[in-house]
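In what follows, a single structure is set out as structure tokens and then discussed.
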Amino acid sequence: MSTATAPVNEYVSSLTESAQNETALSDVEILRRVRRIQSGWSVTERMDRRREAGKRFASLLETLALDHHAA
């Protein structure tokens with residue numbers, strides 16, 4: 001079984017072109033967009049998201065601690 005793929009140079013070129021056409025957002029614009037999205041969340045959704053963020057943060061700290069001890 002064989003698969004057809006685009007040459008790497010074409011792929012990289014298309015990525016570069018799209019990246020060059022994008023405008024970087026300011027921190028203020030990102031914060032405005034995030035707050036607009038968050039304003040539509042219910043209290044339950046906010047609690048669920050905060051709980052999940054806490055779990056992910058604890059996992060990150062645990063991973064960093066393990067990496068630090070391994071080094």
Point to revise | R36: partners by side chain to side chain donor-acceptor pair (under 3.5 Å), with sequence neighbours left out | key: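 In terms of side chain to side chain donor-acceptor pair (under 3.5 Å), with neighbours along the sequence ignored, R36 is linked to no residue.
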**Study point:** R56: partners by side chain to side chain donor-acceptor pair (under 3.5 Å), with sequence neighbours left out
**Key:**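 Counting only residues at least two positions away or on another chain, R56 forms a side chain to side chain donor-acceptor pair (under 3.5 Å) with E52.
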Check your understanding: In the hydrophobic cluster built from side-chain contacts under 4.5 Å, what are the other members alongside L60?
Key ->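 Taking Ile, Leu, Val, Met, Phe, Trp and Tyr as members, L60 shares its hydrophobic cluster with L64.
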**Study point:** Fellow cluster residues of L31, listed by chain then number, with links counted only when side-chain atoms sit under 4.5 Å apart
**Key:**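 None; L31 is a cluster of one.
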Point to revise | Approximate separation, where rounding is to 0.5 Å, of S39 OG and R46 CZ | key: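 Between S39 OG and R46 CZ, I get 7.5 Å after rounding to 0.5 Å.
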Exercise for review: Please name all residues satisfying salt bridge (Lys or Arg N to Asp or Glu O under 4.0 Å) with E29, sequence neighbours left out, ordered by chain then number.
Suggested key: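 So E29 forms a salt bridge (Lys or Arg N to Asp or Glu O under 4.0 Å) with R32, R33.
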Point to revise | Test salt bridge (Lys or Arg N to Asp or Glu O under 4.0 Å) applied to R35 - qualifying residues, sequence neighbours left out | key: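 Checked R35 against salt bridge (Lys or Arg N to Asp or Glu O under 4.0 Å); zero matches.
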Check your understanding: Hey, any chance V34 and V28 share a hydrophobic cluster, counting ILVMFWY side chains that come within less than 4.5 Å of each other, even indirectly?
Key ->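 No; V28 is not reachable from V34 via cluster members.
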**Study point:** Side-chain donor or acceptor of S59 paired with backbone N/O of K55 under 3.5 Å
**Key:**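 Checking the backbone N and O of K55 against the side chain of S59, no donor-acceptor pair under 3.5 Å is found.
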